[in-house]
Engineer: 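The structure's right below; bear with me while I get my questions together.
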Number of protein chains: 2
Amino acid sequence: MSIVDKQLRILFIDDDKATNFLNKHIAKKNASVSSTVLVDSAFEAIDYLEKKIVNPEDRPDIIFLDINMPAMNGWEFLDVFYKIDSGLIKDIEIVILSSSDDPSDINQFKSRNTLLDFVKKPLDSKLFNDVLLKVCS
Amino acid sequence: MSIVDKQLRILFIDDDKATNFLNKHIAKKNASVSSTVLVDSAFEAIDYLEKKIVNPEDRPDIIFLDINMPAMNGWEFLDVFYKIDSGLIKDIEIVILSSSDDPSDINQFKSRNTLLDFVKKPLDSKLFNDVLLKVCS
DNA sequence: AGAACAAAAATTTAACACAATTTAAAGCAA
DNA sequence: TTGCTTTAAATTGTGTTAAATTTTTGTTCT
């Protein structure tokens, strides 16, 4: 059963290989997902969004973003992300995917009211489907 | 190509679901592995080894053990493990599988000279195969 | 009516087989 | 010897099928 008509493209940003592997597996099993892209760092994500995407139809619909990453964390990524001068990325939904219980992260999430959701690791297929439903509403 | 004649049973002890998922995937792709068991905690591992194994042929040949786990860490597990009063577990090889750089963990590993190897996460198929080769030598 | 059990449906997980990409290796030529 | 090309090997990715688990539904019995 596909919960939505349109097919969604998902970008996962996480420095942990095992997490990425699990996330991709869950995403690809969902009938509403047409493609998944994994990157290991926020830096790679910026590079991907700015350089690698040539056609608008290639841009992700949803980004699942880890917070705790070396070099550039999730919040720092978002600061850069929103400055990307491109119509391409305007309506990409952002979902925080973190195992953090840190109140400062929760506050960060609440203060940035453009973010779609805050999902606790590990991702599971039910949780993932809920996010997709949220995107379509 | 199977590097060994006998088929090996692997037990993974890790509290992270994503890590377990990746580990299992890698292990099951190896032709020398006949079965994999995953447990989420050291406590479950003890329970599994003491209670769930009835036949000697069911016991694992290798245990991949995470160090940093809540409630009971890897070293604490080993202390309990070696006290298990059962011939069943005598010649199980122990491999530490951790992302820790902590010198105290390295020292712990060196001081316990019965341990087969210390492997850094994330596990990959080459690394895994190397461990299997070590077991057979 | 409510609890409990059993059957059916649906969802999740695992197993398998195949394709594609990447990596390593061997051989040859400059 | 160095670099390049071809071949082989191995890792990774993908899709399909089958098994197992969970949820739902309906029926019976108290």
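Naming convention: chains lettered A, B, ... in sequence-line order (proteins, then strands); numbering from 1 in each chain.
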Engineer: Which salt bridge (Lys or Arg N to Asp or Glu O under 4.0 Å) pairs, counting each pair once, include a residue from residues 120-132 of chain A, with sequence neighbours left out?
Structural biologist: A/D14-A/K121, A/D66-A/K121, A/D101-A/K120
Engineer: Would you be so kind as to tabulate the donor-acceptor pairs closer than 3.5 Å made by side chains of residues 37-46 of chain A, with sequence neighbours excluded?
Structural biologist:
residue, atom, partner, partner atom, Å
A/S41, OG, A/E44, N, 3.1

Engineer: Do the side chains of A/L132 and A/I62 get nearer than 4.5 Å, heavy atoms only?
Structural biologist: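 A side-chain contact exists here, since the closest heavy-atom pair is under 4.5 Å.
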Engineer: DNA chain D: A/K126 or B/I26, which has the more 5' nearest nucleotide?
Structural biologist: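 This one resolves to B/I26.
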Engineer: Tell me: CG of A/L22 to P of C/dA14, nearest whole Å?
Structural biologist: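 After rounding, the gap between these two atoms is 11 Å.
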Engineer: Tell me the interatomic distance from B/D124, atom CG, to D/dG13, atom P, rounded to whole angstroms.
Structural biologist: 12 Å
Engineer: What integer distance in Å separates B/L127:CG from D/dA10:C1'?
Structural biologist: 16 Å
Engineer: Taking side-chain hydrogen bond (donor to acceptor under 3.5 Å, both in side chains) as the definition, give me every residue that meets it alongside A/S104, ordered by chain and number, with sequence neighbours left out.
Structural biologist: A/D102
Engineer: Between protein and nucleic acid, restricted to nucleotides 14-21 of chain D and to nitrogen or oxygen atoms under 3.5 Å apart, what atom pairs and distances do you find?
Structural biologist:
residue, atom, partner, partner atom, Å
D/dT14, OP2, A/K24, NZ, 3.2
D/dT14, OP2, A/K28, NZ, 2.8
D/dT14, O5', A/K28, NZ, 3.3

Engineer: Respond yes when some side-chain nitrogen or oxygen of B/S125 is under 4.0 Å from OP1 or OP2 of D/dT12, and no when none is.
Structural biologist: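 It does, given that an N or O in the side chain of B/S125 lies less than 4.0 Å from OP1 or OP2 of D/dT12.
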Engineer: By side-chain hydrogen bond (donor to acceptor under 3.5 Å, both in side chains), which residues pair with A/D61, not counting sequence neighbours?
Structural biologist: A/R9
Engineer: Please, which pairs that meet salt bridge (Lys or Arg N to Asp or Glu O under 4.0 Å) have at least one residue in residues 16-30 of chain A, sequence neighbours excluded?
Structural biologist: none
